[in-house]
Amino acid sequence: MMNPARFSAFTNRDHMKDFRRYLALKYIQYLVLPSTNIIVTLLGLFASLYVTLILMSPSVSRKSTAVFICNIARADTLVVGSIFSAMIQHVIKSNMLLSSFQSTLRQNFQIANIHISSLLLSCVSLEAFLITFLPAETRHIRTVRSARVVSKIIWITVITECFFYQMECVKELGISSLSIHKKIVFLLNFCFGATNLLKSFIYPIGLVLRVFNVYLFYKIYFRPLP
């Protein structure tokens, strides 16, 4: 166990280097690598746990960047949900319908984790850009309250997206052969249409986010010196 002196030193030291390493790992995980990698995912999961412990320290400044980092760490709880869902799928694999539902749920946990983290990382990049080039002009929008509102919007949007994806599983129930109310059938068909529309936009949005982040980092690190 960590003795009180070491614990005090840990909680009171400057953790900015830890946050930078954590963000670098997350950028590689979500915006550099073309697909999910189990080793990087596990490293990211443990790093999120470590960062969560750091954010609980009273010495950490409660700024907007810390809000985004906190939400990035929280998004990794979806990885745990994906692992748990995969375990359940293995147990009920004899039931094809439930197994298919759990498989889609596992994929949606992964999608939610990737999309939420990518959007939040883009917020961190944008904030760094604004701090570098427009510090005084944007101080009024770079607040903790704004960061919390943006984070909530991202969570709600991505969860809604994954809800539409999950509704695709209802197709396997054969809704046309069941006595379901017409309004429910209309709602399900709306979800199916929305899902197809969302899937057509996902790749372009992901590409735009990558280009957006590369551009911001280029402007920040290769800006002319005064």
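In what follows, every heavy atom counts, from backbone to side chain, and hydrogens, waters and symmetry copies are set aside.
For Phe84, the CZ atom sits in a loose shell: 12 or fewer heavy atoms of surrounding residues, nucleotides or ligands are nearer than 6.0 Å. When the shell of 6.0 Å around CZ of Arg210 is examined, it contains more than 12 heavy atoms from other residues, nucleotides or ligands. The number of heavy atoms from other shown groups lying within 6.0 Å of CD1 (Ile39) does not exceed 12.
Summarising the geometry of Arg62 relative to Ser57, their closest heavy-atom pair is NH2-O, 3.4 Å, with the distance given to 0.1 Å. In this structure, Ala75 and Ser117 approach most closely via the heavy-atom pair CB-OG, 3.6 Å. Nearest heavy atom pair, residue Leu120 against residue Phe68, reads CD2-CD2, 3.9 Å. Closest of all the heavy-atom pairs between Ala73 and Thr52 is CB-OG1, 3.7 Å. For the pair Ile116 and Leu78, the tightest heavy-atom approach, listed with the atom from each and the gap, is CD1-CD1, 4.0 Å. The shortest heavy-atom contact between Ser82 and Arg106 is OG-CG, 3.3 Å.
Rounded to the nearest 0.5 Å, atoms CG (Asn113) and OG (Ser118) are 8.5 Å apart. Note that the CD1 atom of Ile72 and the OH atom of Tyr30 stand 9.0 Å from one another [nearest 0.5 Å]. Going from atom CG of Asn108 over to atom CD1 of Ile159 covers 11.5 Å, rounded to the nearest 0.5 Å. Between Leu134 atom CG and Ile141 atom CD1 the span is 9.0 Å, to the nearest 0.5 Å. Considering CD1 of Ile114 and CD of Gln29, their distance stands at 8.0 Å, rounded to 0.5 Å. Put simply, CD1 on Ile154 and NZ on Lys152 are 13.0 Å apart, with the number rounded to the nearest 0.5 Å.
Taking 4.5 Å as the limit, some side-chain heavy atom of Ile54 sits within range of a side-chain heavy atom of Phe19. Looking only at side-chain heavy atoms (C-beta outward), Gln166 and Leu105 come within less than 4.5 Å of each other. The side-chain heavy atoms of Val79 and Phe109, taken from C-beta on, include no pair separated by under 4.5 Å. For the pair Arg20/Leu25, no side-chain contact is recorded, criterion being any heavy-atom separation below 4.5 Å from C-beta on.
Residues satisfying the side chain to side chain contact (heavy atoms under 4.5 Å, CB included) test with Leu49, not counting sequence neighbours, are none.
Tyr27 and Tyr218 fall within a single hydrophobic cluster, where Ile, Leu, Val, Met, Phe, Trp and Tyr side chains are chained together by heavy-atom contacts under 4.5 Å. By the rule that hydrophobic residues join a cluster once side-chain heavy atoms approach within less than 4.5 Å of another member, Phe192 and Phe163 end up as members of one cluster. Hydrophobic cluster membership is shared by Leu31 and Leu126, with clusters built from Ile, Leu, Val, Met, Phe, Trp and Tyr side chains linked at under 4.5 angstrom. Both Leu216 and Phe133 sit in one connected hydrophobic cluster of ILVMFWY residues. Membership requires side-chain heavy atoms under 4.5 Å apart, directly or through other members. The same ILVMFWY cluster, assembled from side-chain heavy atoms under 4.5 Å apart, contains both Phe212 and Tyr215.
Between Phe46 and Tyr50, the ring center distance fails the sub-6.0 Å criterion. Ring-centre distance between Phe217 and Phe129: not below the 6.0 Å cut-off.
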Chi angles and distances behind the side chain to side chain contact (heavy atoms under 4.5 Å, CB included) call for Asp18, Val51: CA-CA 8 Å; Asp18 296 323; Val51 165; 5.9 Å; no
Derivation of the side chain to side chain contact (heavy atoms under 4.5 Å, CB included) call for Glu161 and Ile111: CA-CA 9 Å; Glu161 172 199 358; Ile111 290 171; 4.0 Å; yes
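Side chains of Gln102 and Ser85: a donor-acceptor N/O pair is present below 3.5 angstrom, by distance only. Side-chain contact check for Ser125 and Ser122: no donor-acceptor pair (N or O, by modelled atom type) lies under 3.5 Å.
The main-chain N or O of Ser48 is never found under 3.5 Å from a side-chain atom of Arg74 such that the two would form a donor-acceptor pair.
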